[in-house]
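Notes follow the structure.
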Amino acid sequence: MTDSSIKTSQAANDESLRDQLRALLKDGLETEVEPRAYTHEQVLDIVARLQQLEESNLEEKLKTAGFTLTPYRHEDDEQACETCMYYQLHRKFCELPELMLPAEPQWSCRLWRI
Amino acid sequence: MANLLWLQGGACSGNTMSFLNAEEPSACDLVTDFGINVLWHPSLGMELGDNLQQMLKDCISGSIKLDIFVFEGTVVNAPNGTGEWNRFAGRPMKEWVRELSNVADIVVAIGDCATWGGIPATAPNPSDSEGLQFLKRDHGGFLGKDFKAKIGLPVINIPGCPAHPDWVTQILVAVATGHAGDLAIDEFQRPKTFFQSFTQTGCTRNMHFAYKVSATEFGQRRGCLFYDLGCRGPMTHSPCNRILWNRQSSKTRAGMPCLGCTEPEFPFFDLAPGTVFKTQTVMGVPKDLPAGVDKKGYIKLTAAAKTAAPAWAEEDIFTV
């Protein structure tokens, strides 16, 4: 397989998975948007919970990470996936090892870090 | 000919090991090409027992001129300020250090332990360790902040855990050949030639730093180690990516975060669990920002750079 065909296939898989995640969130899946992971201990706690999950358990991943379809706002800052350190903008993908999920740039989660 | 004496206090010998690996110049070059006479060194010295003790006494009395006194390791003060936990040649090492520092033309502290206390001085500092002229960031240390060696210079600090071999030998050559006065030093008495730039200077991951692409695992060739893996390269003063280790590489080039070992606070956060190799954040923003950058500026710059990053920045461009 060439690089471009691998990328095309990966993009198709990502898109399909992203659609599933979007559907779950649009259907009203309640996620733990707060408390935000604003301290190191909170980050470690949430990451530890994510590590306990099956890789395929998308619903629990979304819940635990506190995903939303729109950016979370804190004071003047907008915590969108697109500015998060774990986000690959071109692939539209969250690379946090415990998540590894396709996500839209305007989504958000409480593990956001810049 | 410049007489050099090297002693070790509370140390792991790491700086000695590093020194013996020097290449430009090598430890042998110091003797053969630059006229340094090594009076004694823990791994090289020939004198033992009474003979060594007599040599140290002769240095203090002036019957042997002591040009350069090099100290590696902490000054150990425990227990109760006596220094008895680190005895050497019949008395507490700290007593030798005081008297030898007072007679040496130049005093050089090698490695974090001798400069600011390093790992032994980390809280709770059971050995009551300190550096020659600093304890962490506090000026003073064992010799006091007003100490000056005979030629009028304070202790020259060459930090690192360990210090790079060439930082050591190049500074020793400079002082042995009469150029100590030409050394510009910073507020922590580090030679600016090595410690003015940052560890990040010359890092092969700078483009990933610029485009805010993060490495998420050790050894990854793609991505910057600052954002998630606790790399201190942007705020640590060292030439680790200009003067490479073993002429080959550096921590960050190999995918290992910089630990900031040339800074007085090393080891950072007193090695509290979860603080090593993990970027500490407050409300999603790194607690320690690149030198000279404020939080607002960092957020603006990062958001803009991240959204402007080209696709290649997200890929591994170092193919084998």
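Just so it is clear: chains get the letters A, B, ... in the order the sequence lines come, proteins before strands, and each one is counted from 1.
Rounded to the nearest 0.5 angstrom, T83(A) OG1 and K300(B) NZ are separated by 14.5 Å. Remark: L96(A) CG to D228(B) CG distance equals 7.5 Å, nearest 0.5 Å. Between R222(B) atom CZ and Q88(A) atom CD the span is 5.0 Å, to the nearest 0.5 Å. With values rounded to the nearest 0.5 angstrom, E75(A) atom CD is found 5.5 Å from M283(B) atom CE. A distance of 8.0 Å separates OG in S214(B) from CD in E95(A), rounded to the nearest 0.5 Å. One finds the OG1 atom of T281(B) at 9.5 Å from the CD atom of Q42(A) (value rounded to the nearest 0.5 Å).
Using modelled atom types, one side-chain atom of R113(A) and one backbone atom of Y227(B) make a donor-acceptor pair closer than 3.5 Å. Judged by distance alone, the side chain of E82(A) and the main-chain N or O of T307(B) form no donor-acceptor pair under 3.5 Å. Checked by atom type and distance alone, the side chain of E314(B) pairs as donor or acceptor with a backbone atom of H90(A) at under 3.5 Å. A donor-acceptor contact shorter than 3.5 Å links the side chain of Y298(B) to the backbone of I114(A).
Within 6.0 Å of the CD atom in E55(A), the count of heavy atoms belonging to other residues, nucleotides or ligands does not exceed 12. For N246(B), the CG atom counts as loosely surrounded, since its 6.0 Å shell holds 12 or fewer non-hydrogen atoms of other residues, nucleotides or ligands. For E30(A), the CD atom counts as loosely surrounded, since its 6.0 Å shell holds 12 or fewer non-hydrogen atoms of other residues, nucleotides or ligands.
At least one side-chain heavy atom of H40(A) sits less than 4.5 Å from a side-chain heavy atom of K278(B).
When the candidates R91(A), H74(A), R36(A), R110(A) are compared by the number of heavy-atom contacts under 4.5 Å with chain B, H74(A) comes out ahead. With chain A as partner, the option from T279(B), T275(B), V213(B) having the largest number of non-hydrogen pairs under 4.5 angstrom is T279(B).
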